[in-house]
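Working notes, beginning with the structure itself.
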Amino acid sequence: MNTKKLLALLLAFIMIAGMLAGCGSSNSETVAPAEKPAAEAAEPAEEAEEAEEAEDEEVFTRFDDLETVNMVMMAWGAWDGVKEVEEEVNKITEAEINVHVNVTQIPIWQYGDQVGLMLAGGESIDLMMCGAGGATGFLTLASNNQLMDIKDILPVYAPGIMELMADPAHNYMPANNMDGKQLAVPALRMYTTAEWIFMRRDILEALDLTEQADAIDSWSDLEEALKVVRDAQPTLPAELQTNCVLGQQNSKGIYLSINGCDFSADAWADNKAEDYLGSMYMGCDPETDTVYFNYTTDAAIEHYNMMRKWAQEGLLYPDAPTSTDYSDNMCAAGMCFAYPCNGEYGCAAEKSKTTGYPLMAKKVAGFPITTAYPQGWSWAVPVTAENPEAAAAVLNLMYTNKDVENLFVWGIEGRDYAVNEIGEAYRLEDTCKYQAIEFFYGNQFNAHGSVGQGATIREEQWADNTSGRMSKYFGFCVDTTPIANEMTAVQNVIDQYQPQLQSGLVDAASIMDAYEKDLKDAGVDVIVQYYQDSLNAWLGK
């Protein structure tokens, strides 16, 4: 690092020390600075002179010499034209901050393995995207000490990010802060999510069910509508007939994700969705701060019983436990009338575009904004990075420059996409060589909305996000390294039993005793106690 960079970094560190809240630091006390002895106290004139000198100190605007940043990101969609996108991005980064970016895109299904090998092999990566889990998940990388602490670098080289995260209503930085170290930057995107039921409008209209479906607000209401569609199958035109009425949520036989959820109440307004502390099968009562295993509670058994009933009544996809089909793909292939899915504000328009069918969305339960969500798809600087300062400067442009955001999301305007008169973007099917997931690359709210979302979708999403319910435990992170063996063993048990239960394949009463015994043998009690102790320490109990 040259002298100017070092001075700028030192100045910023002095000015912002203690600014970022660390994971587990929410109960730290504010300590008044000790008074200086009279002999050591600076005179007013000296203080004024020092302040003036500080103001004259050089702060970062752009690098004197051309810097290079090697960036690795996920690809999901069309990416054949990424080289031209990289060239357009570099026109901006070189002009703005004098940095050249080498972009490597890896398909999402290969990302974990390939990036893991790159890191292990010492390949040069200055900026990388963290996955939602697995080898390149934030918690894994952080626990393996593979990420650099960028707490002191960000205020100097990424001031725009710091400004965006300054408001407590949308400061997600604590999600990537462990032991006082800022190990990544969360993508600025929609974090207020809910569990939804999507239904095909063309089938609803054909059966004159639209008004009834729009009034659904309970499981019994949904069951009644599903039965109407089931019974009408033989009378429907061929293009409206489906393999099943309700499709699975994921590719593991799960219909409704009960991660942190209590779906035992019939009325959806009485359902609960709480923070699951970063572990899919954990639950926590925010009133008592009590941690528990969520898959064997009375509420979970009620849910399994409902799914068993629906399976016996022919409402569910019978091949769910052995199928690898995702809900969106099932609907797009005409295999189901409805399906559950997690989504954000405006998701009906997006799902309609994805499936090719106009969909109605009914909200089941809203989730709080939890630590785990911003950790997925966050951006980090590996400890082996050769140019962390330039990496932070590039990251700053990704969050603040709309042109950079739209290049990474949509590609090149005129080749990959066009924008209509109200600012909605749409793909140019004949010439498109690039398009990606809109929340991957920094600041989703700077990306064009899609056709059908409306001219003000980003403003509406931003308002929904900033008014979202923050979890009581936001910022709580758990280093699971000490219980890695137990977690692996418990996950193996879950994989054996959970698809059968949540797809209604078996009666819960017939296997719950065996399920609970196998979980206990695998070490589930050790995991729960470890999470409880970690939470108590974070809360200062």
Side-chain angles (χ1 to χ4, degrees), residues 67-97 99-111 114-115 125-132 136 157-158 160-161 164 172 184-190 344 350 353 374 376-381 390-419 423-428 431-451 453 457-458 461-462:
E67 306 283 350
T68 299
V69 166
N70 295 319
M71 176 196 296
V72 179
M73 60 172 61
M74 290 185 190
W76 192 347
W79 60 86
D80 291 344
V82 66
K83 182 54 64 177
E84 293 80 9
V85 170
E86 176 188 297
E87 292 171 359
E88 293 300 313
V89 168
N90 276 308
K91 289 178 183 178
I92 299 172
T93 59
E94 292 179 15
E96 293 286 333
I97 56 175
V99 175
H100 181 86
V101 184
N102 296 320
V103 177
T104 299
Q105 276 197 330
I106 300 174
I108 190 168
W109 53 90
Q110 299 174 353
Y111 189 82
Q114 288 196 26
V115 175
I125 302 176
D126 297 300
L127 186 61
M128 65 171 288
M129 190 177 176
C130 299
T136 55
Y157 295 96
I161 291 176
L164 286 168
Y172 310 115
V185 176
L188 194 57
R189 61 188 179 95
M190 284 296 299
E344 301 94 15
E350 278 299 298
K353 183 179 70 173
W377 326 125
S378 52
W379 285 88
V381 177
V394 170
L395 196 59
N396 192 63
L397 282 183
M398 290 169 60
Y399 282 70
T400 59
N401 189 296
K402 291 185 177 181
D403 292 332
V404 171
E405 175 72 9
N406 281 299
L407 279 165
F408 278 134
V409 171
W410 287 97
I412 299 173
E413 187 171 2
R415 182 195 72 175
D416 302 311
Y417 76 100
V419 179
E424 298 172 324
Y426 57 96
R427 193 171 180 171
L428 298 173
T431 58
C432 182
K433 295 183 178 181
Y434 181 94
Q435 187 174 21
I437 298 296
E438 65 180 37
F439 55 78
F440 271 6
Y441 307 114
N443 187 347
Q444 176 184 3
F445 303 100
N446 277 340
H448 296 301
S450 302
V451 169
Q453 289 188 308
I457 183 61
R458 295 309 184 206
Q461 288 179 327
W462 180 255

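Atom set for the values below is all heavy atoms of this structure, side chains included, hydrogens, waters and symmetry mates excluded.
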### Query
Is the closest basic N to carboxylate O distance between R458 and E438 below 4.0 Å?
yes
### Query
Under 3.5 Å, is there a donor-acceptor pair between the side chain of N70 and the main chain of D126?
no
### Rounded distance [0.5 Å steps], CH2 in W377 versus CE in M129
6.0 Å
### Query
Do the side-chain N and O atoms of E67 and H100 include a donor-acceptor pair separated by under 3.5 angstrom?
no
### Task
Can you sort out the partners of E96 under side chain to side chain donor-acceptor pair (under 3.5 Å), two or more places apart, ordered by chain and number?
none
### Task
For residues T93 and L397, determine if any side-chain heavy atom of one lies less than 4.5 Å from a side-chain heavy atom of the other.
yes
### Query
So does E350 pair up with K353, basic N to acidic O under 4.0 Å?
yes
### Task
Using the side chain to side chain contact (heavy atoms under 4.5 Å, CB included) rule, take M398 and L395 through it: C-alpha gap first, then chi angles, then the decisive distance, then the call.
CA-CA 5 Å; M398 290 169 60; L395 196 59; 4.1 Å; yes
#### Entry: Distance (rounded to the nearest 0.5 Å) between I92 CD1 and I97 CD1
10.5 Å
### Query
Do the side chains of Y426 and C432 get nearer than 4.5 Å, heavy atoms only?
no
### Task
Could you check R427, H448, Q435 and say which one makes a side chain to side chain contact (heavy atoms under 4.5 Å, CB included) with Y417?
H448
### Query
For the residue pair M190 and Q444, what are the closest heavy atoms and their distance?
N-OE1, 2.9 Å
### Message
Looking at every non-hydrogen atom in both residues, tell me the closest pair between S378 and P374 and how far apart they are.
### Response
CB-O, 3.7 Å
### Task
Walk me through it: do E87 and K83 pass the test side chain to side chain contact (heavy atoms under 4.5 Å, CB included)?
CA-CA 6 Å; E87 292 171 359; K83 182 54 64 177; 4.1 Å; yes
#### Entry: Pairwise distance CE(M74) to CZ(F440) - rounded to 0.5 angstrom
6.0 Å
### Query
Between N406 and A447, is there a donor-acceptor pair closer than 3.5 Å when you use the side chain of the first and the backbone of the second?
no
### Message
With heavy-atom distances below 4.5 Å as the criterion, would you say the side chains of Y111 and V72 are in contact?
### Response
yes
### Query
What closest approach, in Å, do T431 and G414 show between heavy atoms, and which atom pair accounts for it?
OG1-O, 4.3 Å
### Query
Should M73 and F408 be marked as a side chain to side chain contact (heavy atoms under 4.5 Å, CB included) after you check the CA-CA gap, both sets of side-chain angles, and the distance that decides it?
CA-CA 10 Å; M73 60 172 61; F408 278 134; 3.5 Å; yes
### Pairwise distance CE(M71) to CD(E86) - rounded to 0.5 angstrom
9.5 Å
### Task
Could you tell me whether the side chains of Y434 and Q105 share a donor-acceptor contact shorter than 3.5 Å?
yes
### Message
Tell me if a side-chain donor or acceptor on N446 pairs with a main-chain N or O of Y399 at a distance below 3.5 Å.
### Response
yes
## Note on the structure
Of all heavy-atom pairs linking V99 and V69, the shortest is CG1-CG2, 3.7 Å
### Query
Distance-only, no hydrogens or angles: does the N102 side chain make a donor-acceptor pair with backbone N or O of T68 under 3.5 Å?
no
### Task
Please lay out, stage by stage, how M128 and V115 fare under the test side chain to side chain contact (heavy atoms under 4.5 Å, CB included).
CA-CA 9 Å; M128 65 171 288; V115 175; 3.7 Å; yes
### Task
Let me see the working for E405 and K402 under salt bridge (charged side-chain N to carboxylate O under 4.0 Å, His left out), right down to the final yes or no.
CA-CA 5 Å; E405 175 72 9; K402 291 185 177 181; over 6 Å; no
### Query
So which of I161, L188, N401 actually passes side chain to side chain contact (heavy atoms under 4.5 Å, CB included) with N443?
L188
### Query
Charged N to carboxylate O under 4.0 angstrom, R415 versus E84?
yes
### Query
Just by distance, do the side chain of N396 and the backbone of A392 share a donor-acceptor pair under 3.5 Å?
no
